[in-house]
Amino acid sequence: MFIGRTRQLQALNRMRDTDSFQMMVMLGWRGVGKTALLDKFSHDKHALYFTARQQATANNLRDFSAAVFAFFNLPNSTPSFASWQNALSFIAQRISNRDERFLLIFDEFPYAAMADTSHYYALFVKTDELAQQAREMKDSGLFTVVSARDMLER
């Protein structure tokens, strides 16, 4: 059951419905419903949705690679990305000429960078590059949602 998140869903949908680049960082304590909100928001949308797990960074990168390849209908046998930067560059290249809105949801983001803080850097540098493209092109079609809890709980 999903109750009481009408305002948050409306805000996410408003951001998604704009034509410009958007990024939301969703922070909150464990168990407040960040993942449930993202699940509800994305259930009827074509989204690259990835939830990192408490595992080695290389394993999260492998799992993210599989999610990316599935989203873009590439063979399961496609080798994993060598780095987060490579993965995000691949996504940027793939969406650069899309007419439709691209929705990337990265849930439990800190787990993906537990042992490798370069992932934080890679995501935000790539997002900044995409935002710059959006300013130049007036529309990148990218909406990114990043969910995190560990930053608040440490």
Which pair of heavy atoms, one from [X] and one from [Y], lies closest together, and at what distance?
X    : Y    : answer
R101 : M15  : NH2-O, 3.0 Å
I105 : S42  : CD1-CB, 3.6 Å
A87  : L61  : CB-CD1, 4.4 Å
R53  : Y111 : O-CB, 3.2 Å

Nearest-0.5 Å distance that lies between atom [atom1] in [X] and atom [atom2] in [Y]:
X    : Y    : atom1 : atom2 : answer
T35  : L37  : OG1   : CG    : 9.0 Å
E108 : R30  : CD    : CZ    : 8.5 Å
I95  : F72  : CD1   : CZ    : 7.0 Å
Q54  : N60  : CD    : CG    : 10.0 Å
L74  : S65  : CG    : OG    : 11.0 Å
T51  : F106 : OG1   : CZ    : 9.0 Å

Quiz: residues 43-50 side-chain donor-acceptor pairs under 3.5 angstrom, not counting sequence neighbours:
residue: H43; atom: ND1; partner: K40; partner atom: O; Å: 2.6
residue: K45; atom: NZ; partner: N13; partner atom: OD1; Å: 3.1
residue: K45; atom: NZ; partner: F41; partner atom: O; Å: 2.8
residue: Y49; atom: OH; partner: D39; partner atom: OD1; Å: 2.7

Got a sec, which residues hit ring-ring contact (aromatic ring centres under 6.0 Å, His included) with F69, two or more places apart in sequence or on another chain?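 F69 satisfies ring-ring contact (aromatic ring centres under 6.0 Å, His included) with F81 once adjacent residues are dropped.
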Under 3.5 Å: donor-acceptor pair, side chain of R62, backbone of S80: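 Flag not set: sc R62 to bb S80 has no pair under 3.5 Å.
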Using ring-ring contact (aromatic ring centres under 6.0 Å, His included) as the criterion, point out the one residue from F64, F109, F90 that pairs with W84. F64
